[in-house]
Amino acid sequence: MRIRKRLQLNVAVSVITSIVICLMLFLALQRITGVSSLTKTAGDLMSGMLDRVALRNDYIRNNSGRAKEQWFAKHEQIGALLTGAAAEFRGADDKKKIAEMIEVQQSIGQIFSAIVANREKGEKGAVPAGLAREVEDRLLNQLNMRVYEVAIQSRDLLESAQKARLSVFRQAAWEIIAILLLLIAAAMLNSRSMEKEIADRVARLRKGAVMIGGGDLTHRIDVKGDDELAELSDAFNAMAAKLGGSYRDLEKEIEERRHSEREIQKRENELRLVMNAVPALISYIDAGFHYRRVNGSYEHWFGLKPQDMEGRHVREVLGEETWAIVRPRLESVLAGETITYEELMPYRAGGSRWIAAMMLPHRDETGSVDGIVAHVTDITDCKRAEEELRESEERLRLFIEHAPAGLAMFDREMRYLAVSRRWRNDYKLGDRQLIGVSHYDVFPEIRDEWKTAHRRGLAGEVMSAEADRFVREDGSVQWVKWEVRPWNDAAGATGGIVIFTEDVTDRKLAEETLQDAHDELVRLLDVRTRDLREKEVLLKEIHHRVKNNLQVISSLVGLQADGSKDETIRGVLRDVTDRVRSMALVHERLYQSANLASIDFAEYSRGLLGYLWRAHGSPAIELKLDLSPVSLPVDTAVPLGLILNELAGNTLKHAFKGCSKGEVTVSLKDGAADGILLSVSDDGVGLPAGLDWRQAKSLGLRLVQMLAGQLGATVEVTSCEGTRFEIKFQV
């Protein structure tokens, strides 16, 4: 029973120890839960501030009323969180930070309310737009500095909560480990004292204790029976089960802590991204004029990464010239002043850029100035835009003043807003004051339909007329071309109309005169057309009769040739017949053509050559034609037709004597600038050796020379493997 009593005592100690451990775990969990609530509160503050920055940006960009309401709601939520944090945080430093944050929080609310009020005044026109924008920019700079300050304090508060939580974790872990070690030591001592009596069972207990002490809380000691060791085994197993549950709870807490740390790191990264995303240069400079903290925009301006700039002297970064300008301002800020200014600043990529800077004193816990917070914005594009706007306004003014058409701009009440010089000149208004005066007072004679056009223009329509009769008050008449167009204000609503006019009185009178002249010209043209048609009919009749007479002559000469027994006379008469036939063919083409001034010489050539080949040709002599369409006047077509008749006839008579077959090629080309080219070539026997065709006594070749001279043509003859005549002339 002594062993049982000892085991009972051991079990009692173990139970008490387990209770103590559970109690310690419970207390540790309470402390951890308390610290976790601090971390959650600090995290909620960071999240709320980021959301508030996003809502502020949404309102500034889009002027969203909903964003404004959400901003104030988020602002109240942050204030409630700060009030709760003041009660939760126990440290003196933390309470001081929270008190400062509450003051900054109130300042942020006041600044944002001032921004909203300033914007509403600007929209109502209570203050000039430029002044409203300048006030808003300054308030935004102050708001950014306050937000940056409270963000830094929130981060410090979050770091303080994390440190407190880590300290609680460490203390709880060491306490649990100490109790576990004590329990293991007691079990080992008890096992040694009972080793001889219950060696095997104690060995099992020892083995189980070692395994459980090594961290295997799933191990169970297998000791059967109803004695003290069995009871101890059961108790030991129960304790191991409890420790296993506690260990799992501890692992869960550790995982939650890691998750919280990751969330905190995420929030810090988000804050860093927000600061680096701000296009302005934001920095903290200590009292010795060294950069201690800068955002990512400094890299774009100076080419140095933020970590490379931190610790550098302002003089080293800005250079001696800029340092000489900036130093007095920095000293004034260290003296407690807030400095704002605009000026040109050297840029690392060359040249200079305009900046708007605000420098605020940073104070320590005692209220003494220990550094400078600088906010610098690149306003070069704004300055450039202002200059371009001034130039654009000047160009617009010059355009309106010197527009070639009359131009006037009106508000919805048809009062003049702008008017061009041409408008004044066209309507003889001189230097009369028009701006702000009603259009209907200036022109009381305006008709109702024009007033209707004005109303439709104000409704968004575009109205116009090419020529409208305008009877002035003095009885004079003007013809006006006009167009009415609406113009929209900044909100997209129709703010009034623009009227474009042009005095077309002279043009209208000229058009009426021109129309009268046109009508008279049409009448005369009809008379002339009738005369020409009569003459055309007469001229066709003349060509027809000339053709008939030439055909009669050709027939008489042909009959005379047929009746002659002298072959020489018959040949001469046939040549005459062919020549007369070539002239008759010209007149036949003319009276059959719609154009009595010229004929298509290609078609004429096909008819003439077809007649010659039917009358004098042989099946052994092949005719090839390469004729391009060429239109020639009558006085050119007749001599050229006679030339073609003579050359083709001579070829049929003389070129193929003693040949069984042959080929004749006739070509007609219009080379435009090079003139017209007619060629007749054959592959016959060629010209006799030593013959100068220009000195030939035959009538045909003499006719060719005379007719070529009449046309001003050149004649080229080649005799190599046949004969080729080329006639070239200009029309």
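Annotation: salt bridge (Lys or Arg N to Asp or Glu O under 4.0 Å) contacts of E622 (sequence neighbours excluded): none. For W613, there are no side chain to side chain donor-acceptor pair (under 3.5 Å) partners at least two apart in sequence or on another chain. Under the side chain to side chain contact (heavy atoms under 4.5 Å, CB included) criterion, T723 pairs with D682, L687, V717, S719, F725, sequence neighbours left out. Annotation: side chain to side chain donor-acceptor pair (under 3.5 Å) contacts of D137 (sequence neighbours excluded): none. Qualifying side chain to side chain contact (heavy atoms under 4.5 Å, CB included) partners for E387, counting only residues two or more places apart in sequence or in other chains: R390, E391. Annotation: salt bridge (Lys or Arg N to Asp or Glu O under 4.0 Å) contacts of K624 (sequence neighbours excluded): E663. In this structure C659 satisfies the side chain to side chain contact (heavy atoms under 4.5 Å, CB included) test together with F656, V685, sequence neighbours excluded. Looking at residues two or more places apart in sequence or on another chain, you find a side chain to side chain contact (heavy atoms under 4.5 Å, CB included) between A602 and D600, R606, L627, L668.
Remark: of the listed residues L625, V680, D626, D626 is the sole one forming a side-chain contact (heavy atoms from CB on, under 4.5 Å) with S667.
Open room surrounds NZ on K661; 12 or fewer heavy atoms of other groups in view lie less than 6.0 Å from it. More than 12 heavy atoms of other residues, nucleotides or ligands lie within 6.0 Å of CD in E520, so this atom counts as buried by the packing criterion. The 12-atom threshold is exceeded at NZ of K669, counting heavy atoms of other residues, nucleotides or ligands nearer than 6.0 Å.
Between the side chain of T377 and the backbone N or O of I379, no donor-acceptor pair lies under 3.5 Å. The closest donor-acceptor contact from the side chain of R412 to the backbone of T494 lies under 3.5 Å. Side-chain N or O atoms of R424 include one that pairs as donor or acceptor with a backbone N or O of G430 at under 3.5 Å.
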T651 vs I621, test: side-chain contact (heavy atoms from CB on, under 4.5 Å). Steps then yes/no. CA-CA 10 Å; T651 299; I621 301 175; over 6 Å; no
Please assess I676 against F601 for the test side-chain contact (heavy atoms from CB on, under 4.5 Å), listing each intermediate value before the final yes or no. CA-CA 11 Å; I676 296 173; F601 197 76; over 6 Å; no
Working note: E726 + L677, criterion side-chain contact (heavy atoms from CB on, under 4.5 Å); need CA distance, chi angles, decisive distance, verdict. CA-CA 7 Å; E726 287 186 354; L677 176 64; 4.1 Å; yes
Decide salt bridge (Lys or Arg N to Asp or Glu O under 4.0 Å) for R724 and D683; before the verdict, give the C-alpha distance in whole Å, the side-chain angles of both, and the deciding distance to 0.1 Å. CA-CA 9 Å; R724 178 182 178 86; D683 58 355; over 6 Å; no
Go through the steps for S605 and L644 under the test side-chain contact (heavy atoms from CB on, under 4.5 Å), then give the verdict. CA-CA 8 Å; S605 299; L644 179 59; 3.6 Å; yes
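Taking both residues in full, the closest heavy atoms of A713 and I727 are given as CB-CG2, 3.7 Å, listed atom of the first, atom of the second, then distance. Here the closest heavy-atom approach between residue T636 and residue F729 is recorded as CG2-CE1, 3.8 Å. Contact detail for L711 and P639: the closest heavy-atom pair is CD2-CG, 3.6 Å.
Put simply, the side chain of L609 does not reach to within 4.5 Å of the side chain of V664, judged on heavy atoms. No side-chain heavy atom of W482 sits under 4.5 Å from any side-chain heavy atom of F500. For the pair T501/R422, no side-chain contact is recorded, criterion being any heavy-atom separation below 4.5 Å from C-beta on. Contact check for P486 versus V498: no side-chain heavy atoms found under the 4.5 Å cut-off. In this structure, the side chains of F410 and H454 stay at 4.5 Å or more apart for every pair of heavy atoms.
We find the CH2-CD distance between W354 and E343 to be 8.0 Å, quoted to the nearest 0.5 Å.
Ring-plane geometry between F443 and W423 is classed as perpendicular, the angle between the planes exceeding 60 degrees on a 0 to 90 degree scale with a lower cut at 30.
Pairs passing the salt bridge (charged side-chain N to carboxylate O under 4.0 Å, His left out) check and including a residue from residues 480-500, sequence neighbours excluded, read E466-K481, E483-R485. For the salt bridge (charged side-chain N to carboxylate O under 4.0 Å, His left out) condition, no pair includes a residue of residues 627-638, sequence neighbours left out. Counting only residues at least two apart or on different chains, no ring-ring contact (aromatic ring centres under 6.0 Å, His included) pair has a member in residues 697-722.
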Side-chain atoms of residues 700-710: list all donor-acceptor pairs with protein atoms under 3.5 Å, sequence neighbours left out, distances to 0.1 Å.
from	atom 1	to	atom 2	distance (Å)
R702	NE	K697	O	3.3
R702	NH2	K697	O	3.3
Q705	NE2	R694	O	3.0

